[in-house]
**Student:** 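Quick one: structure below, then a few questions.
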Amino acid sequence: MIEVNNINVYYDKAQALTNLSMSVKEGQVVSVIGANGAGKTTIMKTIMGLVRPTNGSVKFIGNNISHLPTHKIVESGIIYVPEGRRIFSTLSVYDNLEMGGYSKTYSKKELKERIEEQFNFFPRLKDRMNQKGGSLSGGEQQMLAIARGLMSQPKLLMLDEPSLGLAPIIIEDIFKIIVDINKEKKIPIILVEQNAYMALEISNRAYVLESGVIVKEGSSVALRESSDIIKAYLGG
Ligand code: ATP
């Protein structure tokens, strides 16, 4: 589905990613875990064409997308929900969702149907459809950010720290939604998380990133049992 091959990324002279390769197959949830500043967001930004690697490539469904502008990458079916739930706080929930369909040439009827789909999936958003985005709770804003991303029916969804700043009980809701999206909508997901425990709990495979280098990869079940990972990331 997506293959990142041996990329190097720099911010000026500082190297953020080093010889990094990763891949996601159809149907999988793949998590990228690592501490603050390890380079997790940079991977997402590179896939979206927001930063450019100095070498290597990103292939999506067999096509090299490394040199495409971001809007073409979005059109090709990759949706990135950035850290910090950047919803439009002065727009209503409904209008936020409408904005999510912008990259598609939906008819009015299709747009309505897509919004209805989100409301079926996120009933809480339906209850609040006329409320301004900024008036929602943190968890609801995260749901809105994800729902907005789903409006364009992505082929790959990338979620950057969806649990950030949320209470544990709300984090559970959000992770359940992520699993449901993957299972019911059959959308593969790249999940970037500092919350390694939850990320390993719901993903099929995972990459562990330290200072821009993948230091471990494998099935999430195996990583959950690895003593290095338990020590470094699971509070063991
Ligand atoms: P966080 O969880 O804090 O978002 P992260 O793992 O996503 O961390 P990145 O945001 O990808 O990490 O950052 C990787 C490294 O690149 C860090 O050292 C960071 O300071 C640096 N960096 C990130 N963005 C820029 C930028 N625009 N200019 C310069 N350096 C940057």
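Counting starts at 1 for both ligands and their atoms, following the listed order. All of these numbers come straight from a predicted model, not from anything done at the bench.
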**Student:** Below 4.0 Å from any atom of ligand 1, which residues have a heavy atom? Give them in chain and number order, please.
**Tutor:**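 Only Tyr11, Ala16, Ala35, Asn36, Gly37, Ala38, Gly39, Lys40, Thr41, Thr42, Glu83, Glu161, Gln194 have heavy atoms that fall under 4.0 Å of ligand 1, ordered by chain and number.
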**Student:** Do Lys186 and Glu26 meet the salt-bridge criterion of a basic N to acidic O distance under 4.0 Å?
**Tutor:**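 Answer for the salt bridge query: no.
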**Student:** So, Ser66 versus Asn64: side-chain donor-acceptor pair below 3.5 Å or not?
**Tutor:**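 Yes.
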**Student:** Any side-chain donor-acceptor pair under 3.5 Å between Thr54 and Asn8?
**Tutor:**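 Not at all, the side chains of Thr54 and Asn8 share no donor-acceptor pair under 3.5 Å.
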**Student:** Hey, are Lys176 and Glu172 close enough for a salt bridge, meaning a charged N less than 4.0 Å from a carboxylate O?
**Tutor:**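 Salt bridge between Lys176 and Glu172, a charged N being under 4.0 Å from a carboxylate O: no.
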**Student:** Leu159, Leu164: one ILVMFWY side-chain cluster at the under-4.5 Å cut-off?
**Tutor:**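 No: no chain of side-chain contacts under 4.5 Å links Leu159 to Leu164.
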**Student:** Validate the cation-pi geometry between Lys185 and Phe121: distance from NZ or CZ to the six-membered ring centre under 6.0 Å, angle to the ring axis within 45°.
**Tutor:**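 Yes, a cation-pi geometry.
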